[in-house]
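Proteins get letters first, then strands, A, B, ... in listed order; numbering begins at 1 in each. Computed from a predicted structure; not experimentally measured. We use all heavy atoms of the structure for the numbers below, so side chains are in, but hydrogens, waters and symmetry mates are not.
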Amino acid sequence: MTKQDLTNAITDCVARGDKAFVPYIMAGDGGLETIKNTILFLQQTGVTAIELGIPFSDPVADGPVIEEAGERALAKGITLRKVVKELASFKNEVTVPLVIMTYLNPILSYGIDQFAKDCQDSGISGLIVPDLPHEESGLLQNSLEKSEIALIPLVSLTSPPERIKKITAAAEGFVYAVTVNGITGVRDGFGDDLAAHLEQLKAVSPVPVLAGFGISTPEQVQSIGALADGVIVGSAIVAAFHRNDLMTVEELVKASKKEIYS
Amino acid sequence: MVKELNVTQTMRAGRYGRFGGQFVPETLMTALIELEAAYDDAIADPIFTDEVSYYLKDFVGRETPLYFAERLTKEAGGAKIYLKREDLNHTGAHKINNTVGQALLAMRMGKKKIVAETGAGQHGVATATVCALFNLECVIYMGKEDIRRQELNVFRMELLGAKVVSVNKGSGTLKDAVNEALRYWVANVEDTHYILGSALGPHPFPRIVRDFQRVIGVETRRQIVEKEGRLPDAIVACIGGGSNAIGMFHPFIDDEDVGLYGVEAAGSGIETGLHAAAIADGKEGVLHGAYMYVLQDNDGFIQEAHSISAGLDYPAVGPEHSHLHDIGRVTYTSVTDAGALQGLQLLAKVEGIIPALESAHAVHYAVELAGTMGEEEILVICLSGRGDKDVQTVRDALGGGLND
Ligand SMILES: Cc1ncc(COP(=O)(O)O)c(C=O)c1O
């Protein structure tokens, strides 16, 4: 699947009256062989796309739940290379777009061009790099362009309007709207300025806007989802998979659907 | 007097050759852009620079002496050795040169809360000190292992009113403390300034830290010309992230006859893999916001550093040093834990100065280097800090007593 398929999956979903739902999973939390089952399970619950986190030694953007999942995955020997290769092995069974989330250094170590090519071969359609801001994104752009992989930018509450314009103008796939100042993880509440921020972001973005960081309950999927084109849910999904609580995962996904949602 | 230097001219802002940059989460970008603007504005304002100078003189006790180490010179049997006495600064190391400047900058930006990381505790103490001085709220992140190694510095920070948070993750050392300080900054960026303690991190930090540490080299240049009528032949400094070294080296970079030597921590030996020598054994990569030499494995995961000295226990070396290595302007070498212990004992015995374990790496290499130089030649050691904080570690390492 290409970056266009990723955008289409979200816009189709919104056109149906649903909200996009993108779960974040820590690739290989439980072992490399669990990746396939987790992805196949998620696509059957009706998710819009899947974000696969790659474990890293120094995950500065992540909160404790994801960091601990990353440590478990690292202990199982999970690496960027292994995940990309594993995805290639069952790509014909995957029906939803896949997005990789990794810190920059493993990509540099892999080799940017090779990484982009291998991602394409594995059917990956998007990439999120939390430590690669707009100013530095040129580093990956050429290689990703050739491989038709979207570089999905993050926009934060601290990004001023002119900056948001610059970032969204170059955006591909979707825009990842970070809903809190801080790291990933469960939150009780969100700031009052979030609604206005997301509205402004949607007004200027040529691609869909998905909100993420701290969204952890079906209620939040709905309330934050209502302000954007959809949501990304990380820590709550990672924690649910870790305790093998598939019901919670299904309930979170269901909250994004029209029949529940409206 | 400060002439712009070819080697530090950047391809674009914040680059040293291909090193440096701003590899941070988007949430921090606006803060970095504001910091750069505020810094440019501040250093063009004599009120600010006078204020920095005032506190460096009357509070820190600058300028620090450039001391002719006569007995050490005899011991080494070659070049005349001078010590730039950063150990005599208030709080015991060069770190305070930077924290004074950055705290004044934070206040100018209207930020009343400070977060910082610390390894040896020297930067933490220097930060807690200026926060007490200027009445700023202060949170210090410190690795669990470092807290163990530098217990007294933790208490010092607490006496100074700082909150010290223990970091249990990873190896519980400086790298992990930087991760946590960055996370804290991301969550509190609107009212908090991050006082980074070395010439590391995303632009503009490497530049700001270097500029505030340049006072070391600027003074040394004037002092050596006063004493010897000429520039030195060699300058030696230890490298953790690289702040004392870059501050010392920078004013000499255009003087090609001045040999510059950076000493990394070789821990148990480069060949053992247990060390902190990112130039000797690292690869280019990104950590904590900058592209630089980093200790990492074949999958790009950052490796843990190892050194007896907490202040050098960091798996990377700052972007400007990475560049100076690449262009060959500075020679980077390394000294083991054992070498540093020897350097520390030697300086204590022959000069009555107990250096910090960090600085002891420079002392050990400098003595070797001086021995290969002629008597008419001059070598300066950047004695970045005093060893009071390390006495317990040294005693443990020497098996509870002296081994001679
Ligand atoms: C006395 C002393 N010297 C050197 C260092 C290493 O840092 P840098 O390389 O930034 O000078 C430290 C760090 O804590 C220190 O305390």
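With a 4.5 Å cut-off on non-hydrogen atoms, A:I78 touches chain B through its backbone but not through its side chain. Interface residue B:Q296: only side-chain heavy atoms are found under 4.5 Å from chain A. A:L157 does not touch chain B: none of its heavy atoms, backbone or side chain, sits under 4.5 Å away. Using a 4.5 Å cut-off between heavy atoms, A:P153 does not touch chain B at all. Looking at B:Q303, neither its backbone nor its side chain comes within 4.5 Å of chain A, counting heavy atoms on both sides. For B:N188, no part lies under 4.5 angstrom from a heavy atom of chain A. Using a 4.5 Å cut-off between heavy atoms, B:Y291 contacts chain A through its side chain alone, with no backbone atom that close. For chain B, no part of A:Y110 is nearby; none of its heavy atoms comes within less than 4.5 Å. In this structure, the portion of B:L182 lying under 4.5 Å from any heavy atom of chain A is its side chain and not its backbone. Neither the backbone nor the side chain of B:K283 comes within less than 4.5 Å of any heavy atom of chain A. Proximity to chain A (any heavy atom under 4.5 Å) is shown, for B:V286, by both the backbone and the side chain. With a 4.5 angstrom heavy-atom cutoff, A:P130 touches chain B only via backbone atoms. Residue A:I107: no heavy atom, backbone or side chain, is found under 4.5 Å from chain B.
Between B:H203 and B:Y16, the distance separating the two ring centers is not shorter than 6.0 angstrom. Ring centroid separation for the pair B:Y293 and B:F19 comes in under the 6.0 Å cut-off.
Nearest heavy-atom pair, B:V209 versus B:S243, reported as atom, atom and distance to 0.1 Å: CG1-CB, 3.7 Å.
Top candidate by heavy-atom pairs under 4.5 Å with chain B, chosen from A:L108, A:L74, A:T79, is A:T79. Note: A:T158 leads A:I167, A:V178, A:L104, A:T158 in heavy-atom pairs under 4.5 Å with chain B.
Classification of B:D191 and B:K112 as a salt-bridged pair fails, no side-chain N sitting under 4.0 Å from a carboxylate O.
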